[in-house]
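So that the names make sense, note that chain A is the first sequence line, chain B the second, and so on, each numbered from 1. Because the structure is predicted, anything quoted here is derived from the model rather than measured.
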2 protein chains.
Amino acid sequence: MLTDRQLQVLQVIVDDFISSGQPVGSRQIAKKDNVSFSSATIRNEMADLEDLGFLEKTHTSSGRVPSEKGYRFYVDHLLKPQIITNQEIATIRSVYADQLMETEQVIRESANILSDLTTYTSVILGPDVHMHKVKRFQIVPLSATQAVAIIVTDSGHVENRVFTLPEDFDMRRIEKIVNILNDRLVGKPLVEIPLRIDGEIAQLIREHVGAYSDFVSSLFNRISAQDEGRIYYGGKTNMLNQPEFHDINKVRMLLDIMEKTPQVQMLFQAGNQQGVQVRIGSENNLLAMEDCSIITASFDVGDDQHGSIAIIGPKRMDYKRVVTLLDFMSGDLSRLLTNNR
Amino acid sequence: MLTDRQLQVLQVIVDDFISSGQPVGSRQIAKKDNVSFSSATIRNEMADLEDLGFLEKTHTSSGRVPSEKGYRFYVDHLLKPQIITNQEIATIRSVYADQLMETEQVIRESANILSDLTTYTSVILGPDVHMHKVKRFQIVPLSATQAVAIIVTDSGHVENRVFTLPEDFDMRRIEKIVNILNDRLVGKPLVEIPLRIDGEIAQLIREHVGAYSDFVSSLFNRISAQDEGRIYYGGKTNMLNQPEFHDINKVRMLLDIMEKTPQVQMLFQAGNQQGVQVRIGSENNLLAMEDCSIITASFDVGDDQHGSIAIIGPKRMDYKRVVTLLDFMSGDLSRLLTNNR
DNA sequence: TTTTAGCACTCGTTCTTAGTGAGTGCTAAC
DNA sequence: GTTAGCACTCACTAAGAACGAGTGCTAAAA
């Protein structure tokens with residue numbers, strides 16, 4: 001559809017705007033080494049690109065700025081992957097250096113490195129613990145009236161709840177209940193626990209213990225709400241450096257969103273797909289993210305767990321670099337976290 | 001030292017500035033109902049108060065603004081405690097409504113309510129788990145090579161670490177180690193664990209198990225670094241509403257500090273003292289907090305655990321209200337969290 | 001037919017200038 | 001000791017001028 005020259009002009013404009021943040025004028029382009037035609041010609045091409053919806057003007061006599069469609073085209077067709085430097089690889093791999101065993105620790109550290117490397121904000125969605133399988137169930141009494149219930153999963157994740165012991169349940173009864181729970185729940189994914197407890201297990205407890213108490217169902221009914229993939233941030237305030245976020249209201253909206261787990265998880269929707277995904281501005285379907293792009297990639301933890309890794313930056317973020325970094329890092333993380341097991 | 005009229009003028013100026021945020025002029029004060037002298041007289045008093053260091057001018061012909069010394073005097077001598085409304089009490093007590101058992105949950109919710117009620121940022125420093133005593137120690141194997149170590153404390157707090165099993169340590173040896181750890185560590189505060197492990201316990205393990213592996217000491221050596229009082233925030237972005245934080249750099253510095261645990265803990269230094277503490281501007285000894293005041297109070301969890309609760313706001317925050325609220329809330333929290341046990 | 005040079009025009013930005021108003025300090029009268 | 005009056009200060013705002021980066025269009029050159 002587009003001529004070679006139009007492609008070239010578009011590419012130069014997007015590249016230039018990404019690095020300068022200023023609207024790009026025709027003369028500026030003409031001065032580039034790899035551009036051999038005059039500013040007037042470029043003005044004509046720019047007018048055409050604007051008609052096609054790839055460029056915009058901030059006012060009638062300003063230079064051009066890429067539109068969302070322009071960015072989209074750039075990302076889809078004009079992005080030449082960058083070579084990742086040894087320096088960067090070394091920085092990323094410094095995560096391994098400490099021989100951190102815990103997934104959580106690795107993820108936390110990765111988020112920080114990623115934000116340092118990009119100067120944008122990084123978000124990592126840890127693996128969804130829903131599908132982790134129960135390894136052991138246990139109740140530890142704390143006092144005459146209180147106890148803590150603990151579930152260990154096969155991934156090493158530990159869930160715990162403090163609860164009040166019902167007066168008519170002595171330790172013998174509690175032990176029986178623990179046995180039943182272990183018998184029935186070990187090997188089952190966390191997500192099924194509430195259902196199973198309210199169904200067969202309540203039944204079994206009534207049979208063998210002689211009475212049932214709501215405390216059992218209340219123990220882990222909140223698993224589904226909590227912990228559906230913990231969220232880790234790196235460089236939360238990095239975005240304040242971007243000139244497009246000098247508006248306090250935009251900042252506020254963005255920071256507010258980051259406090260709201262469900263909204264953030266929404267941003268990762270498409271993140272389960274293979275490879276690196278780029279969502280630009282309004283493609284995020286979120287008012288606060290209208291001026292942001294988010295680039296996501298997913299990584300594996302073991303055979304059946306997945307996490308997502310993302311960079312949130314301004315629409316004029318350095319797509320080349322971020323895509324390359326995320327691609328590399330997600331692969332590396334997968335390898336590290338899978339071998340850990 | 002100060003005359004009654006000077007006291008009155010100072011009080012009116014601080015009150016007025018707190019509610020309006022604008023420098024206060026002599027005419028404005030003269031117009032108040034409870035002020036019976038002319039603007040010229042007030043100008044004279046203001047000049048004296050400025051000489052004494054209680055007031056400042058933003059420029060030669062502007063109204064007056066309280067200096068830090070002025071705020072300090074106001075807080076120390078002119079603060080008449082406000083009456084807390086039933087409405088507010090009801091809001092605060094709604095935390096109990098859910099019959100939340102877990103300290104963590106209660107604290108998290110309290111932080112949110114407090115920030116809603118004040119429109120400032122709230123910070124709660126949870127009880128320091130260092131002094132919690134070990135209730136049970138346990139190792140749950142996950143696979144042939146991995147296991148998770150768990151410590152339950154008397155407060156219901158659970159610490160866990162995933163680690164790699166040394167090849168020469170089979171389950172029998174591990175069990176022996178667990179027995180030794182339980183035998184020696186139950187009842188001891190968390191903070192002593194690393195020391196005890198490296199001392200007597202390493203010795204015992206060598207004797208009874210026949211070999212020692214570093215994995216035991218590496219298990220909980222990080223307890224001291226982590227979890228020395230978890231920090232919870234409410235209304236992190238509330239401060240963006242304050243006109244004095246329209247400067248993006250101040251915001252950045254403040255938000256950055258909130259990500260840094262040690263710095264935040266520093267802010268609570270004096271928070272262990274009884275009652276409500278007010279620290280104004282540079283009294284915080286922290287560049288980023290130069291334009292902020294922080295009001296802290298402490299609460300008890302059980303007989304020997306303490307937490308702190310704080311509000312961070314601009315120097316011209318509503319001290320009356322915040323002091324009253326914090327005083328009430330810390331008492332209420334103490335009662336709730338202590339009875340929970 | 002395509003490209004380019006030239007030119008009038010637009011519009012955001014910056015600098016100046018003048019005007020306004022809230023506020024002060026000082027002095028003299030009450 | 002208190003107050004009225006007045007000259008003065010200074011931030012803030014609006015309006016105008018100069019500037020410059022950029023455009024669109026036209027006509028000539030390739």
* So what is the end-to-end bend of the helix from C/dT1-D/dA30 to C/dC30-D/dG1, with 5 pairs used at each end and the value given to 10 degrees? -> 20°

* Between B/Arg5 and D/dT2, does any side-chain N or O lie under 4.0 Å from OP1 or OP2? -> yes

* **side-chain N/O A/Thr41 vs C/dT3 OP1/OP2, d < 4.0 Å** => no

Whole-Å distance separating the [atom1] atom of [X] from the [atom2] atom of [N]:
{"X": "B/Gln22", "N": "C/dG21", "atom1": "CD", "atom2": "C1'", "value": "14 Å"}
{"X": "A/Glu45", "N": "D/dC25", "atom1": "CD", "atom2": "P", "value": "15 Å"}
{"X": "B/Gln6", "N": "D/dT2", "atom1": "CD", "atom2": "P", "value": "11 Å"}

* Taking all non-hydrogen atoms of both residues, which atom of A/Gln242 and which atom of A/Thr119 are closest, and how far apart? -> NE2-O, 4.2 Å

* Structure fact -> Scanning both residues in full, the closest heavy-atom pair of A/Asp15 with A/Lys320 reads OD1-NZ, 4.0 Å

Is any side-chain N of the basic residue among [X] and [Y] closer than 4.0 Å to the acidic one's carboxylate O?
{"X": "A/Lys315", "Y": "A/Glu290", "result": "no"}
{"X": "A/Asp256", "Y": "A/Arg252", "result": "yes"}
{"X": "A/Lys32", "Y": "A/Asp16", "result": "yes"}

* To do: Keeping to residues at least two apart or across chains, list the salt bridge (charged side-chain N to carboxylate O under 4.0 Å, His left out) pairs with something in residues 34-52 of chain A.
  => A/Arg5-A/Glu45, A/Glu50-A/Arg64

Considering only nitrogen or oxygen atoms on both sides, find all protein atoms under 3.5 Å from nucleotides 23-25 of chain C and state each distance.
unit_1, atom_1, unit_2, atom_2, d
C/dG23, OP1, B/Gln28, NE2, 2.9
C/dT24, OP1, B/Arg64, NH1, 3.3
C/dT24, OP2, B/Ser26, N, 3.2
C/dT24, OP2, B/Ser26, OG, 2.7
C/dT24, O3', B/Lys57, NZ, 3.4
C/dG25, OP1, B/Lys57, NZ, 3.3
C/dG25, OP1, B/Arg64, NH2, 2.9
C/dG25, N7, B/Arg43, NE, 3.2
C/dG25, O6, B/Arg43, NH2, 3.4

* Asked: When you match B/His59 and B/Phe37 each to their closest nucleotide on DNA chain D, which lands nearer the 5' end?
  -> B/Phe37

